[in-house]
Amino acid sequence: HQSELTRRIYRAAGTEFNINSAKQLGEILFEKLNLPILKKTRKTGSYSTDQAVLEELAREYELPRLILEYRQVAKLKSTYVDALPALINPATGRIHTSFNQTGTATGRLSSSEPNLQNIPIRSELGRLIRSAFVPEKGNLLISADYSQVELRILAHLSEDEVLISAFQAGEDIHDRTAREVFTEEELKDRAECRRRAKVINFGIIYGLSAFGLAQTLGISKEAAQSFIDAYFNRYRGVRAWLDRTIEETRRTGYTKTLFGRIRPIPDIQSKDFNLRSFAERTAVNSPIQGSAADIIKIAMIRVHRSLRESKLSAKILLQVHDELVIEAPEAEVEKVRKLVREEMEKAATLKVPLKVEVNVADNWMDMK
DNA sequence: CCTGACTCC
DNA sequence: CATGGGAGTCAGG
């Protein structure tokens, strides 16, 4: 645990210091121990000690490895373990978040005080925090999440033939991209190819560059560029849509979601390359992320209405961008499962089906 | 109050 | 030339 980690860090550093201070840590790593300076921070030009830097240094040195572990534990403790119990409302015995409906640029909701849209799930230790979220006695939690909703929206918007046929056939989209992009020889390591294809698929939605892909996959920029070229060679419709969307945004000055939500993108006409590049990535991402936000909002209304009309007492507890968490009496679970899937899948009719995964458990950790 | 770090989709 | 979209919270300074 944390105190043991702290001792080991002081020993590796050869001195005691405030581990939470990026400034002090930078001085220890790069001035006292003379580790290689891989990156400076953007605004202040100080030594970067971010995750990517520490991970690279951790290949050769002990201290950065310990710091990474310390930071993970410290964050989980301060943000969740220490903070959440104090926010239990004595009247209800529950934590109540605020959902903000006008805070984001794309139409997503945000959640605050506390943010229940960023409860840990990826790390083993972090996941344990989810097990503290439980339903009332006699009830169960139901989680319903849209499968690959943003890539399905991309398929719809771009009308790309390969993407559409993959989703219509119910294929694993990352596997399909792997088969489209990589050679027979490369595909012998199927798992690695799928992992890379997944990074590419998501990256496309964010306007990924060869440099960014190279960084993420730990490969050369040239190799990354050839993957991207291979992707666009197979997904011609996606390339055309990206180009068309940027061109149209440049002309009109705004982007629009499937349901008409507008986001002004003034920088798209900037002469500053940096500003304009950010604007172009925003212009392709916003209609995708924003349409997904539109769809789940429609789904929330449909689910709520349908639960009421069916005289069910199940309640929507949370929305986490592509997921709804519902609390239902055990006796209602089978009905609610079916109802939620249907209402979410029918919230919008696209050129590809919307698919929803439903899971049930007696706590939020065991739901997947 | 800003920055940089960590958490999520 | 810089280099993946959208958020919130925490600690340090």
Side-chain angles (χ1 to χ4, degrees), chain A residues 17-26 39-54 67-84 87 97-100 103-123 125-127 129-130 145-146 148-151 153-154 199-217 221 224-225 228 242 255 263 265 271-293 296 318-323:
Chain A
F17 66 106
N18 185 345
I19 308 169
N20 292 317
S21 164
K23 183 168 173 288
Q24 292 183 36
L25 175 64
K39 194 163 74 171
K40 295 284 188 72
T41 61
R42 204 171 58 82
K43 294 196 175 165
T44 64
S46 44
Y47 307 121
S48 172
T49 65
D50 71 14
Q51 190 154 344
V53 166
L54 294 185
I67 298 291
L68 282 168
E69 198 179 337
Y70 176 93
R71 278 189 179 161
Q72 190 207 6
V73 174
K75 182 67 179 180
L76 294 176
K77 185 168 185 296
S78 65
T79 306
Y80 307 105
V81 179
D82 293 340
L84 291 180
L87 295 170
T97 184
S98 295
F99 279 108
N100 317 301
T104 70
T106 57
R108 275 189 174 183
L109 302 183
S110 72
S111 158
S112 59
E113 293 179 291
N115 182 355
L116 294 185
Q117 290 182 321
N118 74 344
I119 302 300
I121 191 166
R122 292 170 196 175
S123 78
L125 188 62
R127 283 179 69 84
I129 290 161
R130 290 202 166 211
D145 66 287
Y146 281 114
Q148 314 294 1
V149 65
E150 294 194 344
L151 285 171
I153 290 167
L154 175 62
V199 173
I200 297 173
N201 276 336
F202 286 125
I204 293 300
I205 295 171
Y206 304 143
L208 184 69
S209 69
F211 181 89
L213 184 62
Q215 292 288 307
T216 308
L217 293 180
K221 196 176 144 188
Q225 188 59 58
I228 292 174
L242 292 170
T255 65
R263 175 174 183 183
I265 315 276
K271 289 179 177 53
D272 180 324
F273 176 86
N274 230 336
L275 276 184
R276 194 172 66 247
S277 298
F278 272 104
E280 288 174 357
R281 295 194 290 271
T282 306
V284 300
N285 176 264
S286 290
I288 299 174
Q289 189 183 122
S291 296
I296 197 166
L318 296 174
Q319 186 254 51
V320 193
H321 309 305
D322 63 355
E323 170 191 18

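Order of the sequence lines sets the chain letters (A, B, ...), proteins ahead of strands, with each chain counted from 1.
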Of the nucleotides dT9(C), dC9(B), dG6(C), which one has an atom closest to the side chain of K75(A)?
-> dT9(C)
If you measure only the distance, is there a donor-acceptor pair under 3.5 Å linking the side chains of T97(A) and N115(A)?
-> no
What's the CZ-C1' distance between F99(A) and dC9(B), to the nearest Å?
-> 13 Å
At what distance, to the nearest 0.5 angstrom, does CD1 of I200(A) lie from CD1 of I205(A)?
-> 13.0 Å
Output the distance between atom OG1 (T49(A)) and atom NZ (K39(A)), rounded to the nearest 0.5 Å.
-> 10.0 Å
Considering only dC8(B), dG6(C), dG4(C), which nucleotide approaches the side chain of Y206(A) most closely?
-> dG4(C)
Give one of base, sugar-phosphate or nothing for Q72(A), where a contact means two heavy atoms less than 4.0 Å apart.
-> sugar-phosphate
Have a look at R281(A) and say if it touches a base, only the backbone sugar-phosphate, or nothing, with a 4.0 Å heavy-atom cut-off.
-> sugar-phosphate
Under 4.0 angstrom, heavy atoms only, what part of the nucleic acid is E150(A) near: base, sugar-phosphate, or nothing?
-> nothing
Among dA7(C), dC9(B), dA5(B), which is the nearest nucleotide to the side chain of T104(A)?
-> dA7(C)
Identify whether any heavy atom of Q24(A) sits under 4.0 Å from a base atom; if not, whether one sits that close to sugar-phosphate; answer base, sugar-phosphate or nothing.
-> sugar-phosphate
Taking dG12(C), dT3(C), dG5(C) as options, the one with an atom nearest any side-chain atom of N20(A) is dG12(C)
Atom CG of L76(A) and atom C1' of dA5(B) are separated, to the nearest Å, by 13 Å
Between S209(A) and dG4(C), does any side-chain N or O lie under 4.0 Å from OP1 or OP2?
-> yes
Compare side-chain N and O positions of N18(A) against OP1 and OP2 of dG12(C) and report whether any pair is under 4.0 Å apart.
-> yes
Choose from dG8(C), dA5(B), dG12(C) the nucleotide whose nearest atom is closest to any side-chain atom of D50(A).
-> dA5(B)
Looking at dG5(C), dG8(C), dC9(B), which one has an atom nearest to any side-chain atom of N115(A)?
-> dG8(C)
Please state whether the phosphate of dG4(B), meaning OP1 or OP2, lies under 4.0 angstrom from any side-chain nitrogen or oxygen of T41(A).
-> yes
For I204(A), which contact category applies under a 4.0 Å heavy-atom criterion: base, sugar-phosphate, or nothing?
-> nothing
With respect to the phosphate group of dG4(C), does any side-chain polar atom (N or O) of T216(A) fall under 4.0 Å of OP1 or OP2?
-> no
Between CD of Q117(A) and C1' of dG5(C) the distance, given in whole Å, is 15 Å
Modelled atom types, side-chain donor and acceptor of R263(A) and T255(A), under 3.5 Å | no
Rounded to whole angstrom, note down the P distance from dG4(B) over to dT3(C).
-> 13 Å
Kindly say whether, by distance alone, the side chain of S286(A) makes a donor-acceptor pair under 3.5 Å with the base of dG6(C)?
-> no
Nearest-nucleotide wise, let me know which of A22(A) and L109(A) is further upstream toward the 5' end of DNA chain C.
-> L109(A)
Using a 4.0 Å heavy-atom cut-off across all strands, classify G203(A) as base, sugar-phosphate, or nothing.
-> base
Give the rounded distance in Å between these two atoms: CD of Q215(A) and P of dA2(C).
-> 14 Å
Using the C1' atom in both, what is the distance from dA5(B) to dA2(C), to the nearest Å?
-> 22 Å
Using heavy atoms to find the nearest nucleotide of DNA chain C for N285(A) and F273(A) separately, return the residue whose nucleotide is more 5′.
-> F273(A)
Give one of base, sugar-phosphate or nothing for I121(A), where a contact means two heavy atoms less than 4.0 Å apart.
-> sugar-phosphate
Nearest to the side chain of S78(A), which nucleotide is it out of dG4(B), dC10(C), dG8(C)?
-> dC10(C)
Please work out if T49(A) contacts a base, only the sugar-phosphate, or nothing of the nucleic acid, heavy-atom cut-off 4.0 Å.
-> sugar-phosphate
dC6(B) phosphate, OP1 or OP2: any side-chain N/O from R122(A) under 4.0 angstrom?
-> no
Would you kindly give the CG-to-P distance between D82(A) and dT7(B), to the nearest whole Å?
-> 16 Å
Which part of the nucleic acid, if any, lies within reach of R263(A) when heavy atoms closer than 4.0 Å are counted: base, sugar-phosphate only, or nothing?
-> sugar-phosphate
Side-chain N or O of T79(A) less than 4.0 angstrom from OP1 or OP2 on dT7(B)?
-> no
Side-chain contact check for A83(A): nearest option of dC10(C), dG5(C), dG4(B) is dC10(C)
Tell me yes or no: between the side chains of T106(A) and Q289(A), is some donor less than 3.5 Å from an acceptor?
-> yes
Approximate separation, where rounding is to 0.5 Å, of S111(A) OG and N100(A) CG = 7.0 Å
Are S46(A) and T41(A) close enough that a side-chain donor and a side-chain acceptor fall under 3.5 Å?
-> yes
Rounded to whole angstroms, how far apart are OH on Y80(A) and C1' on dA5(B)?
-> 12 Å
Have a look at Y146(A) and say if it touches a base, only the backbone sugar-phosphate, or nothing, with a 4.0 Å heavy-atom cut-off.
-> nothing
Nearest listed nucleotide, side chain of P120(A), among dG5(C), dT7(B), dA2(C) | dT7(B)
Shortest non-hydrogen separation from Q319(A) to I296(A) and the atoms involved | NE2-CG2, 3.3 Å
Taken to the nearest whole Å, CZ/R130(A) to P/dT7(B) is 13 Å
dG6(C), dA5(B), dA7(C): which one has an atom nearest the side-chain heavy atoms of Q289(A)?
-> dG6(C)
Atom-to-atom span, CD1 of I67(A) to C1' of dA11(C) - whole angstrom | 14 Å
